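Working notes, beginning with the structure itself.
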Amino acid sequence: MARYAVGDLQGCHREFVALLERLAFDPSADQLWLAGDLVNRGPGSLDCLRDVHALGDAARVVLGNHDLHLLAVARGGASIKRSDTLDAILAAPDREVLLDWLQQQPLAVAEGEHLMVHAGLLPQWSWEQAQALADEVQARLAGPGAGAFLEQMYGNQPACWRDDLDGIERLRVIVNAFTRMRFIDADGCLDFAAKEGLDSGPTGFAPWFSYPRSDDPQIIFGHWAALEGKTPGSRVRAEALDTGCVWGGHLTALNLDSGERISVPSQRR
Ligand SMILES: [Mn+2]
């Protein structure tokens, strides 16, 4: 049995098929972890969603910001943006099955020494606390308050985590940290503007992985394509897996047991 983690698909379906072929992936024996953002911006979002759903127990998925955006559009009254490529999913005959499945996925997956999240792990959160906070959001998404939550999910405030936050503010910071975080300050406050490389953050802010932690999980994440798969200056064990397939880069898998990286080139050029 092999275990692989794969970065943001974002509708790169041809590359996803090519990567699974390269891995000789066997859904009856192997496991595929997907670091979120299965959909959006790329041309094959519906096929990506269908294929990952069809993997059943062979796939473990965390939600990314684009996956949550799809749910917010479909079920929270959010507006579609000009750059979104979600129309085929929204019009698909199997959309309810796919959306129901997506809405049940977690913000964090932990197994052994590995912890997979879409954007990152706030250094203020222990591994155990992070898991509990991810569970809070998953329970809300799976429960009767899901629609109201999706309607209020968007927002950059509050930007800083505090243990005593409650209600929608608490859930919003949890979602933003797990799915949108790049640069933070020493107090665990998020910046939402900088999206480029390591030097693009505002004064006083640094990449979340450049802050030390009191525990030492192997953190697997996607989301930040400008890192090109690297985490220089990292003070935690972090594996960046978004290698920008949708932007003409690569789609990358990490063998969780050997540490080997396997990539296929984007077919979007
Ligand atoms: Mn993302």
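In each ligand, atom 1 is the first atom listed, and ligand 1 is the first ligand listed. It should be emphasised that the depicted structure is a prediction, and the values quoted were computed from it without experimental measurement.
Listed by chain and number, the protein atoms of type N/O/S under 2.8 Å from the Mn ion (ligand 1) are Asp37 OD2, Asn65 OD1, His118 NE2, His223 ND1; waters are omitted.
Remark: side-chain polar atoms of Gln103 are paired, donor with acceptor, to backbone N or O of Leu141 under 3.5 angstrom.
Within the model, atoms CD1 of Ile168 and CD of Glu151 stand 10.0 Å from one another, a figure rounded to the nearest 0.5 Å.
Cys189-Cys160 SG separation is under 2.5 Å; the pair is scored as a disulfide.
Remark: His223 pairs with His118 by the ring pair (Phe, Tyr, Trp, His ring centres under 6.0 Å) rule, at least two apart or across chains.
The stretch residues 13-112 participates, sequence neighbours left out, in no disulfide bond (SG atoms under 2.5 Å apart) pair at all. Sequence neighbours left out, not one pair with a member in residues 10-40 passes ring pair (Phe, Tyr, Trp, His ring centres under 6.0 Å).
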